[in-house]
Number of protein chains: 2
Amino acid sequence: MTYTSEYPFVYLTADVLAFALRPDTGLSVLLVKRGSPPYKGRWALPGGFVDEREDLVRAARRELREETGVSGRRLRLEQLGAYGAPRRDPRHRVVSVAWWTVLGPDVVPAAGDDAGEVAWLPVDELVGSRRMAFDHATIVADGLERLRSSLERSTWALTFLSEEFTVAELRSVYETVWGRPLDPGNFQRKVTGVPGLLEDTGRRVGSARGRPAGLYRPGPATEIRPPLARP
Amino acid sequence: MTYTSEYPFVYLTADVLAFALRPDTGLSVLLVKRGSPPYKGRWALPGGFVDEREDLVRAARRELREETGVSGRRLRLEQLGAYGAPRRDPRHRVVSVAWWTVLGPDVVPAAGDDAGEVAWLPVDELVGSRRMAFDHATIVADGLERLRSSLERSTWALTFLSEEFTVAELRSVYETVWGRPLDPGNFQRKVTGVPGLLEDTGRRVGSARGRPAGLYRPGPATEIRPPLARP
DNA sequence: CCAAAAGTGTTGTGTGTACACCCATGA
DNA sequence: TCATGGGTGTACACACAACACTTTTGG
């Protein structure tokens with residue numbers, strides 16, 4: 001099919017920046033390996049063209065599902081911004097609307113219809129490097145900064161964890177994303193004191209050493225007030 | 001000229017949300033009256049189509065200049081986000097990248113080439129109303145929230161004021177945008193204590209009543225640390 | 001019993017808030 | 001002299017960082 005227009009136009013894509021904590025690679029981003037030029041063989045954010053009459057966030061969800069098999073009603077996408085430098089794609093004028101989200105530890109991606117490779121890559125190997133296609137390294141850097149500041153007020157940190165978790169695991173999320181250790185005692189008091197943030201299951205879980213930790217579930221709170229201060 | 005494409009495409013516009021404090025209307029937004037359908041006669045954000053090979057932020061600056069006469073090297077635009085609901089423009093699929101900025105009190109807009117009317121409209125008459133074209137009321141609401149939170153950490157508040165100003169005028173900016181009074185004494189101490197935020201000119205300005213206030217200039221600081229807390 | 005991790009207590013330091021108070025001017 | 005707004009002082013409450021200390025398990 002051929003489309004015609006009297007005015008200049010752009011191609012519009014939706015790209016998804018999905019963070020997760022992986023046991024082997026730490027804070028990582030879900031990427032697909034490009035199977036065709038340009039940037040063939042490089043890593044790229046899952047994403048693709050927005051369909052006619054398709055909402056932007058729906059396009060992002062669809063592309064994530066088609067290219068990585070990741071989907072679900074619980075999945076929340078927040079818009080990161082539009083990236084539209086004239087030469088960011090060497091073929092055409094392509095403007096990308098980037099979205100970001102956080103995935104839990106049990107998400108298992110699967111290569112999509114395009115049969116490209118799918119993998120988690122650690123963010124600290126991506127931000128300064130040239131391993132990524134297009135301007136996706138910039139998008140990852142912007143998204144990482146957004147994630148870091150979001151942890152102060154939002155409940156996104158809980159999304160990294162399983163349905164039930166310990167306070168130490170939640171603290172580990174903050175320490176990994178912020179890149180610095182937090183005082184265990186103060187953190188404990190702080191997060192258990194936020195109304196509606198954590199629900200105690202009453203059960204405890206024994207680790208290798210030490211006193212068993214309490215098991216918590218996410219509570220109904222949607223924000224952390226007052227915010228957790230980044231050191 | 002006719003453009004052709006084998007894939008679906010979108011039209012891309014750049015819209016600018018310019019805030020200012022006007023003596024008559026308070027916190028206001030710079031708008032243009034649409035002279036042609038759709039939404040003829042309604043108010044809209046200044047904006048228009050992004051040219052081929054034109055950077056997004058340059059397009060926003062150009063549209064603001066062409067439609068309102070507002071320009072200048074000092075003008076900073078920050079991206080608010082992309083708005084692309086399928087039916088937001090009844091004619092075509094149009095995705096708008098919205099940008100926001102703050103203008104000083106001496107900016108005098110002038111109707112542009114399209115000869116449409118240009119005016120400042122107060123934000124509180126816009127957010128809930130149907131006076132605006134397209135989804136621009138949503139963009140104004142999102143931008144207002146962004147402005148409010150930006151005042152906590154950024155130096156955007158200074159941009160509302162003249163080159164020289166008093167602490168009381170700066171406080172008035174915060175009170176107007178946040179919609180609640182602030183303690184004059186505490187505000188004074190706080191902002192004069194932020195390193196590099198304000199430079200004392202040494203001069204004083206006499207108002208109608210009371211002790212004359214010190215005159216300040218913006219300093220080199222680019223952020224307010226620790227942030228001013230919204231009450 | 002010891003090591004280790006969970007969780008609580010305690011205390012010093014700093015910051016925001018409320019408000020009293022002084023200062024400098026115009027009327 | 002009074003009213004008014006600019007600007008400083010001060011006391012209180014509260015929040016946080018640091019760290020000691022208790023609790024509860026595995027080895």
Side-chain angles (χ1 to χ4, degrees), chain A residues 151-153 157 161-162 164-176 178-195 197-217 219 221 223-231, chain B residues 23 149 151-153 157 161-162 164-176 178-195 197-217 219 221 223-231:
Chain A
L151 287 204
E152 298 185 49
R153 307 180 97 98
L161 301 171
S162 310
E164 297 187 340
F165 53 86
T166 68
V167 171
E169 288 168 341
L170 180 59
R171 175 164 50 86
S172 166
V173 170
Y174 277 89
E175 291 178 331
T176 304
W178 284 350
R180 53 190 65 187
L182 300 174
D183 183 281
N186 293 334
F187 186 86
Q188 176 96 17
R189 220 189 335 261
K190 179 88 188 189
V191 296
T192 55
V194 176
L197 183 63
L198 302 182
E199 278 181 2
D200 197 337
T201 65
R203 283 175 293 127
R204 311 194 149 266
V205 61
S207 53
R209 292 244 190 300
R211 172 175 167 177
L215 262 187
Y216 292 85
R217 261 193 305 269
E223 61 175 357
I224 299 178
R225 229 174 9 184
L228 270 78
R230 238 192 298 189
Chain B
S149 67
L151 287 203
E152 298 185 49
R153 309 179 95 98
L161 300 171
S162 310
E164 296 187 342
F165 53 87
T166 67
V167 171
E169 289 169 340
L170 180 59
R171 175 163 50 85
S172 166
V173 170
Y174 277 90
E175 291 177 331
T176 304
W178 285 349
R180 55 190 63 187
L182 300 174
D183 184 282
N186 294 332
F187 185 86
Q188 177 96 16
R189 222 189 334 259
K190 178 88 189 189
V191 297
T192 54
V194 176
L197 182 64
L198 302 183
E199 277 181 3
D200 197 339
T201 65
R203 282 175 294 127
R204 311 194 150 266
V205 62
S207 54
R209 294 240 191 304
R211 172 176 168 177
L215 262 186
Y216 292 85
R217 262 194 303 269
E223 61 173 359
I224 299 177
R225 227 174 9 182
L228 271 78
R230 239 191 298 187

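Each chain gets a letter, A, B and so on, in the order the sequences are listed, and its residues count up from 1.
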Shortest non-hydrogen contact from A:Leu197 to A:Val191?
-> CD2-O, 3.8 Å
Closest non-hydrogen atom pair between A:Leu182 and A:Glu175, with its separation | N-OE2, 2.9 Å
Can you tell me the distance, in whole Å, between the [atom1] atom of [X] and the [atom2] atom of [N]?
{"X": "B:Leu228", "N": "C:dG16", "atom1": "CG", "atom2": "P", "answer": "8 Å"}
{"X": "A:Arg225", "N": "D:dA15", "atom1": "CZ", "atom2": "C1'", "answer": "16 Å"}
{"X": "B:Leu215", "N": "C:dT25", "atom1": "CG", "atom2": "C1'", "answer": "15 Å"}
{"X": "A:Ile224", "N": "D:dC16", "atom1": "CD1", "atom2": "C1'", "answer": "16 Å"}
{"X": "A:Asn186", "N": "C:dT11", "atom1": "CG", "atom2": "P", "answer": "15 Å"}
{"X": "B:Leu182", "N": "D:dG6", "atom1": "CG", "atom2": "C1'", "answer": "16 Å"}
{"X": "B:Asp183", "N": "D:dG9", "atom1": "CG", "atom2": "P", "answer": "15 Å"}
{"X": "B:Leu170", "N": "D:dG7", "atom1": "CG", "atom2": "P", "answer": "12 Å"}

Check every strand shown and say whether A:Gly206 touches a base, only sugar-phosphate, or nothing at a heavy-atom separation below 4.0 Å.
-> nothing
Is B:Ala168 touching bases, backbone alone, or none of the nucleic acid, heavy atoms closer than 4.0 Å?
-> sugar-phosphate
Side-chain N or O of [X] versus OP1/OP2 of [N]: is the shortest distance under 4.0 Å?
{"X": "A:Gln188", "N": "C:dA6", "result": "no"}
{"X": "B:Arg209", "N": "C:dC23", "result": "no"}
{"X": "A:Arg189", "N": "D:dA17", "result": "no"}

Could you tell me whether the side chain of B:Arg211 has a donor or acceptor atom within less than 3.5 Å of a complementary atom in the base of C:dA24?
-> no
pair B:Ser149-B:Arg230: side-chain heavy atoms closer than 4.5 Å | yes
Is there a donor-acceptor pair closer than 3.5 Å between any side-chain N or O of B:Thr176 and the backbone N or O of B:Ser172?
-> yes
Mind checking the CG-CG spacing from A:Leu198 to A:Leu215? Nearest 0.5 Å is all I need.
-> 11.5 Å
Return the 5'-most residue of the pair A:Gly214, B:Pro231 with respect to DNA chain C, ranking by each residue's nearest nucleotide.
-> A:Gly214
First encountered from the 5' end of DNA chain D, between B:Arg204 and A:Lys190 | B:Arg204
